[in-house]
Amino acid sequence: MTPESRFDLIVIGSGPAGQRAALQGAKGGKRVVIIEDQPLVGGACVHQGTIPSKSLRESIYRYGLSSRGALGSELGEGSQSGEKPAEKKKQLPDLKRLWRRRDRVIPNESAVIQDQLRRNGVLVVHGRGRLTGPNSVEVKSQTGTQHLEGQFIFVATGASPVCPAQLKADAPGLILDSNTLLGMKRLPRTLVVLGAGVIGAEYASMFSIAGTQVTLVDKRTEVLSSVDREIAAQLIQRLEHEGTKIALGCEATRIEARKKRGSDEYTARVHLSNGTVVDAEKVLVCLGRAGNTAGLGLQELGIQVDDRGLVKVDRHFATSVPSIYAVGDVVGSPALAATSYEQGRIACGHAFDFDREGKAVELEMPVNFPYGIYTIPEISMIGKTEEQLRAEGASFVTGRARYRELARGQIVGDRWGLLKLLVDRATLRILGVHIIGDNAADLIHIGQAVMAFDGDVRYFIRSVFNYPTLAEAYKTAAFHAYNQIHGLTRHK
Ligand SMILES: Cc1cc2nc3c(=O)[nH]c(=O)nc-3n(C[C@H](O)[C@H](O)[C@H](O)COP(=O)(O)OP(=O)(O)OC[C@H]3O[C@@H](n4cnc5c(N)ncnc54)[C@H](O)[C@@H]3O)c2cc1C
């Protein structure tokens with residue numbers, strides 16, 4: 001083993017978790033290498049997950065505004081007459097044009113990451129990594145096999161979509177997942193989305209706004225089951241307004257591939273457990289993701305991996321082998337880019353004891369972190385839901401502000417927006433913030449900051465907010481909550 005192949009930290013995977021771990025190590029003066037199987041760095045986040053899906057969402061959102069939304073009303077194309085978009089004959093936009101934003105953003109994002117790693121002295125080796133011991137990794141690439149040694153090895157290999165065997169069909173391009181969807185050339189007229197979790201709900205809402213007739217199916221009886229029920233109900237209302245059909249409490253048992261007459265293409269006939277049958281041009285399967293751990297050599301080292309390929313770690317993201325950590329989607333929930341970054345940083349600080357050296361800020365995940373769900377309309381939340389607080393027997397009030405009550409809400413034309421503040425009756429502290437509507441994922445950080453600094457609802461009442469803004473929703477909701485606590489009536 002030459003000195004060049006010895007590292008303080010070997011990271012397998014260049015997604016958010018791996019990047020942040022590597023950068024934290026490099027900033028702490030450690031010699032770091034990232035092993036990445038793909039030709040470009042950035043992980044599934046940049047190439048298949050967050051960035052492509054959010055780029056498509058942005059394109060469809062803007063298209064929706066100009067064709068049928070608020071802007072469309074000004075252009076005389078909107079539904080001022082009260083006619084539902086679903087009732088209008090829909091002209092599907094050109095998907096190739098909608099992908100242009102993605103095609104511009106992905107290479108730029110990857111180049112920014114590559115540059116950041118280079119500037120911090122992190123070496124990137126392209127190839128497939130496999131652990132061969134507690135401190136050794138083998139990297140296979142087209143040019144040969146390399147052997148590396150590291151004081152610590154971080155597994156940041158991410159996750160991939162799963163598709164149950166009974167839902168597979170021998171028809172190219174008919175059944176898609178969040179990876180293969182990215183190769184789609186045109187929007188389907190009809191689409192069945194299986195799974196009403198975050199990825200399924202996001203894509204269902206996007207395609208629906210674009211004009212596709214979407215059927216969203218889930219065996220659970222709720223859409224986005226972890227979201228505040230009032231917010232989820234608001235989303236369902238909006239999806240149905242767009243013509244989305246929602247089938248809950250049932251699942252797909254079989255998909256029949258039916259060849260189109262005089263063509264090489266197939267359409268799908270989806271059989272649901274409730275006996276109904278839905279025909280569609282495409283099926284999008286969003287039924288969960290499994291950790292990318294096959295062939296990594298973890299079990300051989302005694303590291304526990306569950307039946308979904310997820311690695312068992314402690315709260316510092318250490319595995320049962322002290323030199324090996326696992327971070328990001330490969331350890332499971334919450335499986336977000338935002339939390340993966342943090343996990344990488346925290347784990348690296350823990351491994352090298354940066355806290356003692358004064359090089360790390362925090363070594364544990366915060367209790368409260370936000371969730372952003374990029375459906376159209378956007379959803380974001382932090383803290384507890386009303387349902388959780390009720391189950392705990394908490395004494396709280398709910399302050400509500402509807403976007404349509406705000407000048408900015410009127411200007412942007414968001415009729416659906418809603419911000420909820422859940423406020424403790426005794427302490428006036430904020431127990432949860434739940435938002436659906438424009439800019440929800442940005443707005444949530446105001447509530448997050450107040451919660452983190454142990455502020456209470458009076459902060460919003462005493463503060464002056466820019467006018468007109470959507471952030472004023474906090475003030476309106478705060479007054480609503482405060483007045484309930486003090487028995488004042490709401491003049492509405
Ligand atoms: C459709 C979709 C939308 C999403 N939207 C959001 C969102 O809006 N907000 C959000 O916060 N999160 C979102 N996510 C989740 C987010 O993308 C993930 O949480 C994040 O990418 C996880 O980062 P990671 O570092 O764990 O792994 P990944 O980003 O998955 O990166 C893992 C990397 O490891 C590499 N790798 C795997 N095995 C090996 C090996 N043996 N050797 C070498 N390299 C290997 C892979 O090639 C990959 O580059 C979305 C995910 C999907 C699928």
Side-chain angles (χ1 to χ4, degrees), residues 1-36 41 43 113 116-125 129 131-137 139 147-158 291 293 296-298 301-305 310-334 336-369 452:
M1 189 69 52
T2 61
E4 292 79 57
S5 48
R6 280 202 197 100
F7 294 86
D8 297 312
L9 175 60
I10 300 175
V11 179
I12 309 178
S14 71
Q19 276 162 47
R20 198 51 65 87
L23 288 171
Q24 180 75 30
K27 298 260 185 223
K30 305 297 173 189
R31 187 166 139 74
V32 184
V33 60
I34 286 192
I35 299 162
E36 174 51 61
V41 293
I113 296 164
Q116 208 176 14
L117 295 172
R118 185 191 53 74
R119 278 187 284 114
N120 284 281
V122 175
L123 187 69
V124 178
V125 170
L131 286 93
T132 48
N135 300 94
S136 54
V137 173
V139 187
H147 297 277
L148 309 177
E149 269 191 13
Q151 185 188 351
F152 290 103
I153 299 168
F154 275 33
V155 175
T157 50
T293 44
L296 259 187
L298 293 172
L301 295 173
I303 294 171
Q304 221 178 308
V305 175
L310 303 176
V311 184
K312 189 172 179 337
V313 287
D314 67 14
R315 67 197 170 97
H316 302 294
F317 306 98
T319 68
S320 53
V321 175
S323 57
I324 301 173
Y325 286 67
V327 282
D329 280 13
V330 78
V331 303
S333 176
L336 296 167
T339 47
S340 298
Y341 281 121
E342 253 338 73
Q343 292 175 358
R345 188 183 68 75
I346 287 167
C348 184
H350 184 261
F352 292 109
D353 207 1
F354 281 163
D355 198 22
R356 192 177 44 79
E357 295 179 23
K359 291 178 186 163
V361 181
E362 274 294 334
L363 287 181
E364 287 197 29
M365 285 295 282
V367 182
N368 282 320
F369 51 81

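Here, residue 1 is the first one in the sequence, and each next residue gets the next number. Values below: all heavy atoms of this structure, side chains included; hydrogens, waters and symmetry mates excluded. All of these numbers come straight from a predicted model, not from anything done at the bench.
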Grab the two heavy atoms, one from [X] and one from [Y], that are nearest each other, plus how far apart they are.
X	Y	answer
Asn120	Lys27	OD1-NZ, 2.8 Å
Pro334	Gln343	CD-NE2, 4.2 Å
Asp329	Ser340	OD1-OG, 3.8 Å
Val122	Ala26	CG2-CB, 3.8 Å
Pro134	Ile324	O-CG1, 3.8 Å
Val327	Ala347	CG1-CB, 3.6 Å

Would you kindly say whether Tyr325 and His350 are connected by a side-chain donor-acceptor distance under 3.5 Å?
->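 The criterion, which ignores hydrogens and geometry beyond distance, is satisfied for His350 and Tyr325.
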What pairs with [X] under side-chain hydrogen bond (donor to acceptor under 3.5 Å, both in side chains), at least two apart in sequence or on another chain?
X	result
Ser320	none
Thr339	none
Ser136	Thr132
Asn368	none

Identify every side-chain donor-acceptor pair in residues 6-15 under 3.5 Å, counting partners at least two apart or on other chains, and give the distances.
from: Arg6; atom 1: NH2; to: Met1; atom 2: O; distance (Å): 3.2
from: Asp8; atom 1: OD2; to: Arg31; atom 2: N; distance (Å): 2.6
from: Ser14; atom 1: OG; to: Glu36; atom 2: OE1; distance (Å): 2.8
from: Ser14; atom 1: OG; to: Gly42; atom 2: N; distance (Å): 3.0

Just do the side-chain contact (heavy atoms from CB on, under 4.5 Å) check on Leu148 and Val33 with the steps written out, would you?
-> CA-CA 9 Å; Leu148 309 177; Val33 60; 4.2 Å; yes
Quick one: pull up [atom1] in [X] and [atom2] in [Y] and give me the separation to the nearest 0.5 Å.
X	Y	atom1	atom2	answer
Leu131	Ile303	CG	CD1	6.5 Å
Cys348	Phe317	SG	CZ	13.0 Å
His147	Thr2	NE2	OG1	11.5 Å
Phe152	Phe352	CZ	CZ	5.5 Å
Arg20	Arg345	CZ	CZ	8.0 Å

Taking side chain to side chain contact (heavy atoms under 4.5 Å, CB included) as the test, write out the residues that go with [X], two or more places apart.
X	result
Ala326	Val155, Val311, Val313, Thr319, Val330, Val331
Ser333	none
Gln304	Lys312

Does Asp314 reach the main-chain N or O of His316 with its side chain, forming a donor-acceptor pair under 3.5 Å?
->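 Yes, the answer is positive, given that a donor and an acceptor are paired below the 3.5 Å cut-off.
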Would you find a donor on one side and an acceptor on the other, under 3.5 Å apart, between the side chain of Asn135 and the backbone of Gln151?
->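 Pair found, side chain donor or acceptor close to backbone of Gln151.
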Any side-chain heavy atom of Val137 sitting closer than 4.5 Å to one from Ile153?
->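 In contact.
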Tell me, do Gln19 and Val41 make a side-chain contact under 4.5 Å, heavy atoms counted?
->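 SC-SC contact between Gln19 and Val41 ruled out.
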Please step through side-chain contact (heavy atoms from CB on, under 4.5 Å) for the pair Phe354 and Lys30, ending with a clear verdict.
-> CA-CA 11 Å; Phe354 281 163; Lys30 305 297 173 189; 3.9 Å; yes
